[in-house]
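Single-structure report; data block below.
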Number of protein chains: 2
Amino acid sequence: MSSQRPSDRGSPRRHDDVLGYLLKHAHMALEARTDAALAPLRVTARDMGALRVIAAGEARSQQEVAAVLGVDRTSMVALLDALEREGIVARRPFEQDRRRNVIELTEAGRKVFTEAEQTALAVEDEFVESLGADGANELRAALQSLLAETAQ
Amino acid sequence: MSSQRPSDRGSPRRHDDVLGYLLKHAHMALEARTDAALAPLRVTARDMGALRVIAAGEARSQQEVAAVLGVDRTSMVALLDALEREGIVARRPFEQDRRRNVIELTEAGRKVFTEAEQTALAVEDEFVESLGADGANELRAALQSLLAETAQ
DNA sequence: TATTGTTATACTCTATAACTATA
DNA sequence: TATAGTTATAGAGTATAACAATA
């Protein structure tokens, strides 16, 4: 194994021993690679977060999509505006409660999403390649464990 | 072990199986906890990134601090302005090259930093408690491995 | 000419408050 | 009255371009 946190707890840690730094920069590196790979499809890594929730049926209103992703409902408006302009999603009124919108992937949107998800998955696989399959699964499980206790 | 990535690669992944989501939200949760714990000391988790680099002597100019942390040199100006206003760091001209500033912790700054670093470390330890000592070290090592290959 | 720190500026992401239409 | 979506607005964080001082 490579370097771990030094046992000397009194001295200043190196910046790359700090978990916050590691999480932030790992996220930035993965997002940059994903955005570069998705650019030809005209969607971003951030868009894909919302599209996954919509495609998987994890939410049935804008606010539920926002809540699942942990973003504000007002931020969701602009994000969906852009996806609607690209013809990837469509809003239609929910008949049982006309205050809500049902968000759906269009026919074209489903095609873009399928291709983008394969692309994003390939980027992710390459990103974690050095960890091996077990290491990558352990990384995911560890992060899921941290988030599970945060939610409580 | 808990849930891993589903072997069914064709269907949409759940949002919390996506590595980018996990990295981003783990970072946000840790940063929120750290900022809350550091608030009485009037420094943020972001400040601590710069202060660690300065305290450890990893950089000897503003631009080197910015480069190590991967932020723009223009962003470093405002960050150091705030820390200087709080009396935590001081800029002084570097005699061998008067274009540069040497950034130093003040006497008061060293005290704040020492206390803040202990606080941040305690928050981090509690954050990763569910992983056990080995699990936490493996998480750090995995993230360091991902970043090492990104830099190339 | 090139570099360090700085300022001005703009763009993105996010958050708060207020509005509208529905319930 | 409360809720879903929207708009306006402001605050962070970041990035680009241009400037002064220095090399």
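Given the structure is predicted, the values throughout are model-derived calculations rather than measurements. Numbers restart at 1 for each chain; the letters A, B, ... are given by sequence-line order, proteins then strands.
- At the heavy-atom level, B/Gln62 lies under 4.0 Å from the strands shown only through sugar-phosphate atoms.
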In sequence, state the C-alpha distance, the side-chain angles, and the governing distance for B/Arg91 and B/Asp81, and then conclude on salt bridge (Lys or Arg N to Asp or Glu O under 4.0 Å). CA-CA 9 Å; B/Arg91 293 166 160 110; B/Asp81 283 350; 3.0 Å; yes
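- Between B/Asp35 atom CG and D/dA12 atom C1' the separation is 12 Å, expressed in whole Å.
- The distance from atom CD of A/Glu31 to atom P of D/dT14 is 13 Å, rounded to the nearest whole Å.
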B/Glu95/B/Arg100 under salt bridge (Lys or Arg N to Asp or Glu O under 4.0 Å): CA gap, chis, key distance, verdict: CA-CA 9 Å; B/Glu95 288 307 325; B/Arg100 298 190 197 178; over 6 Å; no
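- Hydrophobic clustering of Ile, Leu, Val, Met, Phe, Trp and Tyr side chains at less than 4.5 Å, counting indirect connections, keeps B/Leu22 apart from A/Met28.
- For the pair A/Lys24 and D/dT14, the criterion of a side-chain N or O lying under 4.0 Å from OP1 or OP2 is met.
- Taking atom CG of residue A/Leu80 and atom C1' of nucleotide D/dT7, one finds them 15 Å apart after rounding to whole Å.
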Table of protein N/O atoms under 3.5 Å from nucleotides 15-22 of chain D N/O atoms:
{"from": "D/dT16", "atom 1": "O4", "to": "B/Thr74", "atom 2": "OG1", "distance (Å)": "3.3"}

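- Separating the CG atom of B/Asp47 from the C1' atom of D/dG13 is a distance of 13 Å, rounded to the nearest angstrom.
- Nearest-nucleotide mapping onto DNA chain C: of A/Phe94 and B/Val77, the residue sitting toward the 5' end is B/Val77.
- Linking Ile, Leu, Val, Met, Phe, Trp and Tyr residues whenever their side-chain heavy atoms come within less than 4.5 Å places A/Leu147 and A/Leu30 in a single cluster.
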Go through the steps for A/Ser75 and A/Asp72 under the test side chain to side chain donor-acceptor pair (under 3.5 Å), then give the verdict. CA-CA 5 Å; A/Ser75 307; A/Asp72 197 83; 5.0 Å; no
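- Listed by chain and number, the residues in a salt bridge (Lys or Arg N to Asp or Glu O under 4.0 Å) with A/Glu64 are A/Arg60 (sequence neighbours excluded).
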